[in-house]
Amino acid sequence: MSLVDKIKANPRLKQLALNAMMPRNQARPRLWVQWFLNPFFHKKGKNARINRSTRMDVMPFNNFALGDDSTIEDFCTVNNGVGDVLIGNRCRIGMSNVLIGPVTIGNDVIMAQNIVMSGLNHGYEDILLPPHNQPVTKKKITIEDEVWIGANAVVVAGVTIGKHAIIAAGSVVTKDVPAYSVAAGNPAKIIKQYNPQTLKWERITS
């Protein structure tokens, strides 16, 4: 058993390791982790840019990657504490977005402002404990290539948004969205789909 496996298997050692890497009850890693560990574990592609005011709550024990020619704009928060955050090539992560892993984003994805994606949920079932002391669950969010997500949208844990799908501003996406479709509303519903026979985007009537 490796040292890492031994630490993960022992709750006390695991807590000591976490306390060494980030302050108690905080998600942000300590400076020594940012400077001396993360650069060796995380990947940043050619011409990729993370703007200065972005809050990078990323730890070395999960993956973070930003592809070639991709940008994370100002005032974003990226957190891989419970799951990987992987962003493809030529993506634009707009201002004030929040990405909490596990999240995988494909290539050529456009995300506008104030979007929240969280693959994490807190337990609440035990009424004798506050939610932050209960076990967390996680389900990966997958954003496929060429997706465009409008401002103020929310994407919940476990959702997959298919290739070249469009999410309207202000939508709350609680279910998978198929490729080549437009979804809008709270909860988001499919309002248009591309028809390969007619070569047109057609409105869905219900």
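All figures in this text were calculated on a predicted structure; none of them were measured in a lab.
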Find the distance between [atom1] ([X]) and [atom2] ([Y]) and round it off to the nearest 0.5 Å.
X      : Y      : atom1 : atom2 : result
Asp108 : Arg90  : CG    : CZ    : 4.0 Å
Leu129 : Gln134 : CG    : CD    : 5.5 Å
Met117 : Ile161 : CE    : CD1   : 5.5 Å
Lys192 : Glu202 : NZ    : CD    : 10.5 Å
Glu144 : Asn107 : CD    : CG    : 11.5 Å
Ile143 : Glu146 : CD1   : CD    : 14.0 Å

Identify whether [X] and [Y] are in the same connected component of the hydrophobic contact network (ILVMFWY, side-chain heavy atoms under 4.5 Å).
X      : Y      : value
Val172 : Ile166 : no
Met95  : Val98  : no
Ile141 : Val154 : yes
Phe40  : Leu86  : no
Ile115 : Trp148 : no

Which atom pair, heavy atoms only, marks the closest approach of [X] to [Y]?
X      : Y      : result
Pro60  : His42  : CA-NE2, 3.9 Å
Ser96  : Cys76  : N-SG, 3.8 Å
Gly67  : Ala48  : O-CB, 3.3 Å
Asp176 : Gly158 : OD1-O, 3.8 Å
Phe41  : Leu37  : CD1-O, 3.1 Å
Ala188 : Ser171 : CB-CB, 4.2 Å

Find out whether [X] and [Y] are in side-chain contact, i.e. whether some heavy atom of one side chain is under 4.5 Å from a heavy atom of the other.
X      : Y      : answer
Met56  : Val78  : yes
Glu73  : Gln113 : no
Val147 : Val177 : no
Asn38  : Val33  : yes
Asp57  : Pro29  : yes

Donor-acceptor contact present, side-chain [X] to main-chain [Y], <3.5 Å:
X      : Y      : answer
Gln193 : Ile204 : no
Ser53  : Phe75  : yes
Asn97  : Gly94  : yes
Asp126 : Leu128 : yes
Lys138 : Val82  : yes
Thr142 : Thr160 : no
Asp68  : Lys46  : yes

Self-check item: Any side-chain donor near an acceptor of the partner, Asn62 and Asn80, under 3.5 Å
Solution: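 Looking only at side-chain atoms, Asn80 and Asn62 do not form any donor-acceptor pair under 3.5 Å.
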Quiz prompt | Enclosure of Arg49 CZ (heavy-atom neighbours >12, cutoff 6.0 Å) | solution =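 Open.
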Quiz prompt | Trp35 atom CH2: more than 12 heavy-atom contacts under 6.0 Å | solution =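 No, not enclosed.
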Quiz prompt | Name of the residue among Leu99, Val109, Ile149, Ile50 meeting side-chain contact (heavy atoms from CB on, under 4.5 Å) with Ile93 | solution =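 Option passing the side-chain contact (heavy atoms from CB on, under 4.5 Å) with Ile93: Leu99.
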Quiz item: Parallel, tilted or perpendicular: which describes the rings of Tyr180 and His164, with under 30° parallel and over 60° perpendicular?
Solution: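 Rings of Tyr180 and His164: parallel, under 30°.
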